[in-house]
Amino acid sequence: MELQFKRKSFYPVGYLLVEQRIPLSLGSHYARQQTLYPFLKKEITVALKPFQVKRGKHTFSKITAETSDAFGLIERSRRLGEPEQLIVYPSYFPDILLRLGEANPDRDASANHWTLHKNDALHSLREFMPGDRMTWIDWKSTAKTNTMMTREFENSSARKMQLIFFGVTHDYFEHALRAAYSFSRKLLEDHAEVRITILGENGQTFDFSRDKKRITEISHAFAELKSCDEAVLMQELQSVLKWQKDTFIFTPVISDALIGLLNKSNWRVSLVSILDQQNPTEHALYLRKEWLEAGGDA
């Protein structure tokens, strides 16, 4: 960030100290400072050093400018500008479909989460359209083209897509959030019609829409989301799942409680989580956290 100062007087200025406080929401409360010695200059440019940002909403206070005469006898300070808010979106990975295709554990007919019933006859492949089932996705073609491809069947009934982010408190919360955000944004950019439910503190639900303008609203929601206890989110998840049977759930970790909830129902749910040292859940997709760390929170 650069600040430009202009003045009318030629009166010599001893020093100009500019200070900006970094909000505690960015991890540590400190001030970045820059000192110049303008003397007779009428136009002064102050370049403040950069700082690390992270996902979230951050409020910056006014900037403080302090100066003195050439002899250091008279010092003055003033607060400049107005408080400003900075909203940092999660990292976006546009090749999320390719990564999900690579993560598919069973790319053959033995994977019941990724195939249809035997009495459905395969007709052709085409791009995913609103109303297609998630179980129709052809992950091999999706991985090759980085475009959601679906199998078209002769005896098929259309259903709409639902995506849920299960924002439970966990070390991999940020990684799973980036994956869910990237998947949501990619589908909206490809004009897919998707219902997006973000579960967590300050969570929101976005009903079906193909409008790309909703990307900004969804980005704000993901940016401001905070994690929540599993017990609280489990109740919300039950009410959301009753609305729709074919669903993608992105979660930082697949717990026994989550598996128990899904096993008690006939919901057609596809789970996406982050790969760790635990035993993987059958038919779930696991993304490597190293890949979701690429590029940081830019």
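Because the structure is predicted, anything quoted here is derived from the model rather than measured.
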K.L.:
At what distance, to the nearest 0.5 angstrom, does CD1 of I215 lie from NZ of K186?
P.N.:
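Atom-to-atom, I215:CD1 and K186:NZ are 10.5 Å apart.
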K.L.:
Are more than 12 heavy atoms, taken from residues, nucleotides or ligands other than R76, located less than 6.0 Å from that residue's CZ atom?
P.N.:
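No, CZ of R76 has 12 or fewer neighbouring heavy atoms, counting only those of other groups under 6.0 Å.
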K.L.:
Kindly indicate, with the supporting measurements, whether the criterion salt bridge (Lys or Arg N to Asp or Glu O under 4.0 Å) is fulfilled by R99 and E102.
P.N.:
CA-CA 5 Å; R99 297 294 180 173; E102 294 173 347; 3.7 Å; yes
K.L.:
Knowing that exactly one of I249, V168, V232, I164 qualifies, which makes a side-chain contact (heavy atoms from CB on, under 4.5 Å) with L199?
P.N.:
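Going through I249, V168, V232, I164 one by one, the side-chain contact (heavy atoms from CB on, under 4.5 Å) with L199 is satisfied by I164 alone.
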K.L.:
Are the side chains of K54 and E174 in touch, meaning some heavy atoms are under 4.5 Å apart?
P.N.:
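SC-SC contact between K54 and E174 ruled out.
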K.L.:
Taking all non-hydrogen atoms of both residues, which atom of R55 and which atom of F173 are closest, and how far apart?
P.N.:
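That closest heavy-atom pairing would be NH2-CE2, 3.5 Å.
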K.L.:
Side-chain contact test, heavy atoms from C-beta onward, threshold under 4.5 Å: evaluate it for L100 versus W139 and give yes or no.
P.N.:
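Yes, their side chains come closer than 4.5 Å.
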K.L.:
Of R288, K289, E293, H170, which is the lone residue that meets side-chain hydrogen bond (donor to acceptor under 3.5 Å, both in side chains) with H175?
P.N.:
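Looking at R288, K289, E293, H170, the match for H175 under the side-chain hydrogen bond (donor to acceptor under 3.5 Å, both in side chains) is E293.
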K.L.:
Quick check: do L258 and L237 have side-chain heavy atoms less than 4.5 Å from each other?
P.N.:
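The answer is yes; the side chains approach within 4.5 Å.
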K.L.:
For A31 versus R21, what's the shortest heavy-atom pair and its separation?
P.N.:
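Residues A31 and R21, closest heavy atoms: CB-NH1, 3.4 Å.
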K.L.:
Quick check against the 3.5 Å criterion: does D95 have a side-chain atom that pairs as donor or acceptor with the backbone of L98?
P.N.:
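Absent.
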K.L.:
Just how far is it from atom CG of L86 to atom NE2 of H58, taken to the nearest 0.5 Å?
P.N.:
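That separation rounds to 6.0 Å.
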K.L.:
Might you point out which heavy atoms bring A221 and I198 nearest each other, and give the distance in Å?
P.N.:
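Answer, listing the atom of A221 first, then I198: CB-CD1, 3.7 Å.
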K.L.:
Got I87 and H220 here, is their nearest side-chain heavy-atom distance under 4.5 Å?
P.N.:
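Contact flag for I87/H220 side chains = yes.
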K.L.:
Applying ring-ring contact (aromatic ring centres under 6.0 Å, His included) between F222 and each of Y181, Y89, F183, report the one that passes.
P.N.:
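One option only clears the test, and that one is Y181.
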K.L.:
Just by distance, do the side chain of D69 and the backbone of I74 share a donor-acceptor pair under 3.5 Å?
P.N.:
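It does hold such a pair.
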K.L.:
Given side chains that start at C-beta, do those of L271 and L262 come closer than 4.5 Å, heavy atoms only?
P.N.:
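A side-chain contact exists here, since the closest heavy-atom pair is under 4.5 Å.
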K.L.:
Measure the shortest side-chain to side-chain distance between E75 and E66 over non-hydrogen atoms and say whether it is less than 4.5 angstrom.
P.N.:
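They are in contact (side-chain heavy atoms under 4.5 Å apart), so the answer is yes.
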K.L.:
Locate the shortest heavy-atom distance separating L225 from E201; write the atom from each residue and the value.
P.N.:
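Closest heavy-atom pair between L225 and E201: CD1-O, 3.2 Å.
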K.L.:
Roughly how far, to the nearest 0.5 Å, is the CD1 atom of I96 from the OG atom of S184?
P.N.:
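Those atoms lie 9.5 Å apart.
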K.L.:
Please go through F39's hydrophobic cluster and name the other residues, only I, L, V, M, F, W, Y counting, with side-chain heavy atoms under 4.5 Å joining them.
P.N.:
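L40, all in the cluster of F39.
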K.L.:
So does A231 get a backbone contact from the side chain of D229, meaning a donor-acceptor N/O pair under 3.5 Å?
P.N.:
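No, the answer is negative, given that no donor and acceptor are paired below the 3.5 Å cut-off.
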K.L.:
Check for me whether the distance between the ring centres of F60 and F51 falls short of 6.0 Å.
P.N.:
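Yes, ring centres under 6.0 Å apart.
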K.L.:
So which atom in S182 and which in F93 form the shortest heavy-atom distance, rounded to 0.1 Å?
P.N.:
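So the minimum-distance heavy-atom pair works out to OG-N, 2.9 Å.
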K.L.:
Could you measure the distance from the NZ atom of K41 to the CG atom of L16? Nearest 0.5 Å is fine.
P.N.:
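Between K41 NZ and L16 CG, I get 11.0 Å after rounding to 0.5 Å.
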K.L.:
Indicate the atoms forming the closest heavy-atom contact of T150 with E127, along with that distance.
P.N.:
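T150 and E127 have their closest heavy atoms at CG2-O, 3.7 Å.
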K.L.:
Return the set of residues passing side chain to side chain contact (heavy atoms under 4.5 Å, CB included) with V13 (not counting sequence neighbours), or none when no residue passes.
P.N.:
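Counting only residues at least two positions away or on another chain, V13 forms a side chain to side chain contact (heavy atoms under 4.5 Å, CB included) with R7, P38, T67.
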K.L.:
Please check this pair: side chain of T169 against backbone of C228, looking for a donor-acceptor N/O pair closer than 3.5 Å.
P.N.:
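A pair under 3.5 Å: yes.
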K.L.:
Tell me, do I274 and W291 make a side-chain contact under 4.5 Å, heavy atoms counted?
P.N.:
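The answer is no, as the side chains (C-beta and beyond) never meet within the 4.5 Å cut-off.
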K.L.:
Just wondering, are more than 12 heavy atoms of other shown residues or ligands nearer than 6.0 Å to NZ in K42?
P.N.:
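Atom NZ in K42 is packed in, count exceeds 12.
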K.L.:
Please confirm whether the backbone N or O of S273 pairs with a side-chain atom of T251, one donor and one acceptor, at under 3.5 Å?
P.N.:
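Checked: no pair found.
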K.L.:
Side chains of R195 and T205: does their closest heavy-atom pair fall under 4.5 Å?
P.N.:
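A side-chain contact exists here, since the closest heavy-atom pair is under 4.5 Å.
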